[in-house]
Amino acid sequence: MEDALLTATAKAARSASEYLLSRQDPAGYWWGDLTADSTLESDWLLLLLWLHPPRDGQWVPPDRAKVDRAVASILARQNADGGFAIYPKGPSDCSASVKAYFALKLAGIPVDDDRMVRLRERILSLGGIQAANSYVKINMALFGLFPSQHVPSVPPEIMLLPANLLYEMSSWTRAIVVPLSIVQANTLGNPRPVPEGFELGELFKPGADISFHRADSFFSWKNGFLMTDKLVKFWERQGPRSIRAKAVARAKDWILERFRHSEGLAAIYPSMQYAIMALDSLGYGVDSPERAEAQKQFDALLVDDGERFFFQPCFSPVWDTAIAAYSLGEGGFAPEERMRRCGDWLLTKEVRQKGDWSVKRPNTQPSGWYFEFANEFYPDIDDTAMVLLGLFHTRSSRKPEFDAAVGRAIDWLLAMQSKDGGWAAFDVDNDTHSLSEVPFADHNAMLDPTCPDITGRVLEALCLWGVKQDSTAVRRGVEYLRTSQEPDGSWYGRWGVDYIYGTFLALRGLRAAGYDEREAEVLRAGEWLRSVQNADGGWGESCESYARGTFVGAESTASQTAWAVLGLLAGGDTTSESVHMGVDFLIRNQRQDGGWDEDLATGTGFPRVFYLTYHLYRHSFPALALAEYMKLKGGRGAVHP
């Protein structure tokens with residue numbers, strides 16, 4: 001039976017490789033769709049209202065047909081109960097539902113339309129607009145649709161504070177907060193116009209508190225920040241205008257500097273949206289080079305091909321390419337020329353200038369890779385590790401450049417290790433936990449702390465490229481993984497859903513670091529993975545895991561099944577029924593073209609707030625799992641069909 005499974009695996013692995021190769025761009029890279037929820041389309045309609053205010057009380061958008069397509073795209077994701085979820089097949093979420101209601105009403109859907117009635121009732125059942133997160137309330141307050149005294153202030157004076165407070169926030173938060181501070185400052189006391197008679201009073205739940213929720217303990221960071229917010233609001237009314245003007249100018253310069261060598265501010269949707277609004281509020285005309293470029297890059301996020309209409313939260317070519325390259329390299333089926341082309345392309349994306357990360361590592365030579373096509377200020381640790389894994393197989397036609405880039409990247413990763421021994425996404429020691437109590441921090445991503453998934457991947461990459469297993473950095477990384485294991489044997493996954501993702505990467509990191517597979521941590525992790533396997537042989541996990549703080553099962557997916565199989569293999573399990581069933585699940589569910597289908601979101605943006613569907617995950621990770629199984633069971637050549 002095992003011989004038959006190996007033969008079938010080899011055939012499936014070859015087919016998977018051929019499918020991946022068919023998706024490669026002639027330039028050498030891979031780039032799959034990256035999708036999220038309806039909030040992006042809803043926010044786009046808000047941006048349109050900002051940029052094209054009503055005339056004579058009537059809102060006439062510049063392209064009505066495009067607005068109608070956005071409406072159809074939003075409504076296509078409405079839940080049966082009337083609300084909108086933040087991940088496929090998920091429960092209705094108050095914030096996403098409020099955004100959708102605003103957008104649909106703005107676009108002209110009558111409030112007595114059955115879809116709007118059900119949506120409104122669902123919002124009220126979830127607590128009304130009062131229960132939405134702070135960013136929803138801030139956006140509504142910009143148009144006078146929510147009382148400004150009850151939304152958090154995001155003061156541009158943050159730019160003038162000492163001790164680099166801005167850089168204690170996560171990279172994505174600072175890239176949102178800085179332009180938003182300009183937008184909020186320039187609408188203070190003068191909200192943007194809305195169509196005549198447009199309001200959202202029907203979304204306010206009677207009797208529900210509209211004010212900030214205080215902590216039970218008087219002496220707490222949360223209550224302290226709430227008091228600070230009151231002081232900021234007083235300052236905004238009475239403070240010297242010259243200081244506010246200086247802060248706004250500093251924020252503007254910060255944004256414009258980060259436009260350089262990047263496709264939009266931080267190359268992510270929220271920052272790019274607020275950057276456009278900030279430039280508009282500062283008087284930059286539509287034809288100004290800065291405003292035109294910002295709009296161009298934002299518009300490029302839209303997929304509108306006649307059948308589909310959605311905004312991507314960002315582009316993912318470097319990430320997609322690195323994973324595909326590593327999967328193909330492990331399988332051994334890819335032509336050398338195609339792999340070298342990939343390696344050459346990746347070399348062009350290495351960061352060679354200092355960005356935000358250098359505030360805490362000023363003496364470190366720039367290197368690393370970002371996620372998108374261009375985002376020089378924000379290389380990330382996870383991408384850099386994954387690119388190193390991919391480059392191990394691709395090599396390059398430019399060997400001196402290749403060797404130098406790999407050396408710089410290894411040094412950069414070593415320098416970016418945090419004091420607890422782990423690695424985060426973009427920064428070092430970004431763990432000032434008190435900042436999570438700031439009133440506008442409820443997007444659940446104020447910080448960028450270390451996490452097991454990235455730490456495991458970094459350990460794998462470093463050790464693959466020759467960093468000694470007994471080096472201080474590797475030993476500290478291993479100790480971080482040992483101490484961060486959950487009581488049930490799993491590891492938390494910050495950037496993929498969730499415990500399956502964290503566990504598979506932690507186990508791969510431990511294996512690469514030479515950690516004995518007979519140690520208790522590895523054995524417990526393998527037992528946990530086997531215990532959450534579905535009856536069909538696959539694995540699946542819901543985004544609800546983040547909300548509950550524990551594993552929540554879901555229907556089996558190709559990507560999560562691949563992660564679980566890879567985790568078991570990394571833990572030394574090559575013969576269990578669980579592994580055989582997992583491999584068989586991937587083979588049975590492979591499409592004729594060599595790819596896989598998948599319905600659920602398995603990527604994570606902000607836990608409990610924003611999730612991602614990487615459309616290449618379902619193809620790349622199964623290809624890697626099949627290749628790994630073949631390699632460990634006797635090598636590709638022994639079973640080559």
Q: Please report the closest heavy-atom contact between A175 and A266, naming both atoms and the distance.
A: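 Heavy-atom minimum between the residues: CB-CB, 3.6 Å.
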Q: What I want to find out is whether E541 reaches R548 closely enough, with some N-O distance under 4.0 Å, to be called a salt bridge.
A: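 No, no charged N to carboxylate O under 4.0 Å.
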Q: Between D403 and K399, does any side-chain N to carboxylate O distance fall below 4.0 Å?
A: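 A salt bridge links D403 with K399.
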Q: Hey, are E521 and Y515 close enough side-chain-wise for a donor-acceptor pair under 3.5 Å?
A: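 Their side chains do contain a donor-acceptor pair, which is all the 3.5 Å distance test asks for.
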Q: Would R518 and D516 pass as an ion pair if we require N to O under 4.0 Å?
A: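 Salt bridge: yes.
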Q: May I ask you to decide if C451's main-chain N or O and Y480's side chain share a donor-acceptor pair within less than 3.5 Å?
A: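 Side chain of Y480 to backbone of C451: a pair is present.
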Q: Please name the pair of heavy atoms, one in S262 and one in F377, separated by the smallest distance, quoted to 0.1 Å.
A: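 Taking S262 first and F377 second, the nearest heavy atoms are OG-N, 4.3 Å.
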Q: Strictly below 4.0 Å, N to O, side chains only: are R524 and E486 in salt-bridge contact?
A: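 Judged by the 4.0 Å cut-off on N to carboxylate O distance, R524 and E486 do not form a salt bridge.
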Q: Show your reasoning for whether side chain to side chain contact (heavy atoms under 4.5 Å, CB included) applies to V467 and V474.
A: CA-CA 8 Å; V467 175; V474 171; 3.8 Å; yes
Q: What class does the angle between the rings of W596 and H619 fall in, given that below 30° is parallel, 30 to 60° is tilted and above 60° is perpendicular?
A: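 Rings of W596 and H619: tilted, 30 to 60°.
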Q: Output the distance between atom CG (L180) and atom OH (Y274), rounded to the nearest 0.5 Å.
A: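 Atom-to-atom, L180:CG and Y274:OH are 5.0 Å apart.
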Q: What orientation do F621 and Y617 show, parallel under 30°, tilted 30 to 60°, or perpendicular over 60°?
A: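 If you compare the ring of F621 with that of Y617, the planes turn out perpendicular.
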Q: Where is the tightest heavy-atom contact between A425 and D448, given as atom of each residue plus distance?
A: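 Answer, listing the atom of A425 first, then D448: N-OD1, 3.1 Å.
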Q: Do I268 and W172 pass the side chain to side chain contact (heavy atoms under 4.5 Å, CB included) test, and can you show the C-alpha distance, the side-chain angles, and the key distance before you say yes or no?
A: CA-CA 8 Å; I268 55 174; W172 52 86; 4.0 Å; yes
Q: Heavy-atom distance under 4.5 Å between the side chains of P449 and N430, does that happen here?
A: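 Answer no - side chains too far apart.
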Q: Set out, in order, the CA-CA distance, both residues' side-chain angles and the distance that settles ring-ring contact (aromatic ring centres under 6.0 Å, His included) for H393 and Y326, then state yes or no.
A: CA-CA 7 Å; H393 289 297; Y326 187 58; 5.5 Å; yes
Q: If you look at every heavy atom in L612 and P313, which pair is closest and at what distance?
A: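 Here L612 and P313 meet closest at CD2-CG, 3.6 Å.
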Q: Return the orientation label for the W319 and Y614 ring planes: parallel under 30°, perpendicular over 60°, tilted otherwise.
A: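 Tilted.
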Q: Treating W539 as the side-chain partner and L529 as the backbone partner, does any N or O pair qualify as donor plus acceptor under 3.5 Å?
A: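 Confirmed, W539 side chain pairs with L529 backbone.
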Q: State, without any angle test, whether Q533 and S578 hold a side-chain donor-acceptor pair at a distance under 3.5 Å.
A: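 Result is yes, a qualifying pair exists.
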Q: Calculate, to the nearest 0.5 Å, the distance between atoms CG and CZ belonging to D356 and R174 respectively.
A: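 Reported to 0.5 Å precision, the distance equals 4.5 Å.
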Q: First locate atom CD of E401, then atom CG of D344, and finally report the distance between them rounded to the nearest 0.5 Å.
A: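 With rounding to 0.5 Å, CD (E401) is 8.5 Å from CG (D344).
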Q: When you measure from the side chain of E598 to the backbone N and O of A558, does any donor-acceptor pair fall under 3.5 Å?
A: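 Such a contact is found between E598 side chain and A558 backbone.
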Q: If you take all heavy atoms of G540 and F551, which pair is closest and at what distance?
A: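 Taking every non-hydrogen atom into account, O-CZ, 3.5 Å.
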Q: Tell me yes or no: between the side chains of S556 and N534, is some donor less than 3.5 Å from an acceptor?
A: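 S556 vs N534: donor-acceptor pair found between side chains.
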Q: Going by the angle between their ring planes, with limits at 30° and 60°, are Y546 and Y611 parallel, tilted or perpendicular?
A: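 Tilted: the ring planes of Y546 and Y611 meet at 30° to 60°.
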Q: Show every donor-acceptor pair shorter than 3.5 Å between a side-chain atom in residues 495-502 and any protein atom, with sequence neighbours excluded, or say none if there are none.
A:
| residue | atom | partner | partner atom | Å |
| --- | --- | --- | --- | --- |
| D498 | OD1 | G493 | N | 3.1 |
| Y499 | OH | G549 | O | 3.1 |
| Y501 | OH | R457 | NH1 | 3.2 |

Q: Between L481 and L459, is a side chain to side chain contact (heavy atoms under 4.5 Å, CB included) present by the stated rule, with each step listed?
A: CA-CA 10 Å; L481 290 178; L459 286 176; 3.7 Å; yes
Q: Thinking salt bridges, do E376 and R260 make one under a 4.0 Å N-O criterion?
A: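 A salt bridge is absent here (no side-chain N lies under 4.0 Å from a carboxylate O).
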Q: Does a side-chain N-to-carboxylate-O contact under 4.0 Å join R408 and E350?
A: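 Salt bridge present between R408 and E350.
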Q: Give a yes or no answer on whether the side chain of T321 reaches the backbone of P317 with a donor-acceptor pair at less than 3.5 Å.
A: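 Yes, the answer is positive, given that a donor and an acceptor are paired below the 3.5 Å cut-off.
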Q: As an exercise, state the distance from CD of Q485 to CG of L507, rounded to the nearest 0.5 Å.
A: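 Here the rounded value is 8.0 Å.
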Q: Just wondering, do I410 and L462 contact through their side chains at under 4.5 Å, heavy atoms?
A: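 Counting from C-beta outward, L462 and I410 do come under 4.5 Å.
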Q: Can you name the closest pair of heavy atoms from L566 and A625 and give their distance?
A: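 For L566 versus A625, the nearest heavy atoms are CD2-CA, 3.7 Å.
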Q: For T432 and E168: C-alpha separation, side-chain torsions, deciding distance, then whether side-chain hydrogen bond (donor to acceptor under 3.5 Å, both in side chains) applies.
A: CA-CA 7 Å; T432 306; E168 295 302 324; 3.0 Å; yes
Q: Determine, for R608 against D93, whether the closest basic-nitrogen to carboxylate-oxygen distance falls under 4.0 angstrom.
A: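 Salt bridge between R608 and D93, a charged N being under 4.0 Å from a carboxylate O: no.
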Q: Looking at D33 and H615, would you say the former's side chain and the latter's main chain have a donor-acceptor pair under 3.5 Å?
A: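 Not a single qualifying donor-acceptor pair exists.
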Q: Taking E544's backbone N and O only, do any of them form a donor-acceptor pair with S542's side chain (distance below 3.5 Å, no angle check)?
A: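 Pair found, side chain donor or acceptor close to backbone of E544.
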Q: Strictly distance-based, threshold 3.5 Å: is any side-chain N or O of K354 a donor or acceptor partner for the main-chain N or O of P362?
A: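 Indeed, once roles are kept as given, a pair shorter than 3.5 Å links the two residues.
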Q: Donor-acceptor check, side chain of S576 to backbone of D573, threshold 3.5 angstrom: yes or no?
A: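 Absent.
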Q: Would you check if D37 and F610 make a side-chain contact, meaning some heavy-atom pair closer than 4.5 Å?
A: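 The answer is yes; the side chains approach within 4.5 Å.
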Q: Are any non-hydrogen side-chain atoms of I381 and V458 less than 4.5 angstrom apart?
A: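 Sidechains of V458 and I381: in contact.
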Q: Supply the atom-to-atom distance D411 CG to S367 OG, rounded to the nearest 0.5 angstrom.
A: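 Atom-to-atom, D411:CG and S367:OG are 8.5 Å apart.
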Q: Drop me the distance from T450's OG1 to M416's CE, to the nearest 0.5 angstrom.
A: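 Interatomic distance, T450 OG1 to M416 CE, rounded to 0.5 Å: 12.5 Å.
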Q: Please walk me through it: do E628 and R511 pass salt bridge (charged side-chain N to carboxylate O under 4.0 Å, His left out)?
A: CA-CA 14 Å; E628 179 95 352; R511 179 180 65 180; 2.8 Å; yes
Q: Let me see the working for W31 and F373 under ring-ring contact (aromatic ring centres under 6.0 Å, His included), right down to the final yes or no.
A: CA-CA 10 Å; W31 177 27; F373 281 106; 4.9 Å; yes
Q: Quick check: does any side chain N or O of D380 sit under 3.5 Å from a backbone N or O of D383, one acting as donor and the other as acceptor?
A: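 Yes.
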Q: Centre of W254's six-membered ring, under 6.0 Å away, within 45 degrees of the axis: is that where NZ or CZ of R258 sits?
A: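 Yes, cation above the ring, under 6.0 Å and within 45°.
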Q: Go through the steps for W491 and F504 under the test side chain to side chain contact (heavy atoms under 4.5 Å, CB included), then give the verdict.
A: CA-CA 8 Å; W491 275 274; F504 114 81; over 6 Å; no
Q: Check whether any side-chain heavy atom of N375 lies under 4.5 Å from a side-chain heavy atom of E263, and answer yes or no.
A: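 No, side chains not in contact.
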Q: Decide yes or no for S170 and D427: does some side-chain heavy atom of the first lie under 4.5 Å from some side-chain heavy atom of the second?
A: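 No, too far: nothing below the 4.5 Å cut-off.
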Q: Under 4.5 Å between any side-chain heavy atoms of V318 and V387, yes or no?
A: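 With C-beta onward as the side chain, the pair touches.
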Q: Is it true that a side-chain atom of S181 and a backbone atom of V178 form a donor plus acceptor pair closer than 3.5 Å?
A: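 Yes.
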Q: Fit a plane to each ring of W465 and F402, take the angle between them on a 0 to 90° scale, and name the class: parallel (under 30°), tilted (30 to 60°) or perpendicular (over 60°).
A: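 Ring orientation, 0 to 90° scale: tilted.
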Q: What I'd like to find out is whether the side chain of H433 reaches to under 4.5 Å of the side chain of L447, using heavy atoms alone.
A: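 Yes, their side chains come closer than 4.5 Å.
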Q: Give a yes or no on whether a salt bridge exists between R476 and D420, defined as a side-chain N under 4.0 angstrom from a carboxylate O.
A: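 Result for this pair is no, no salt bridge flagged.
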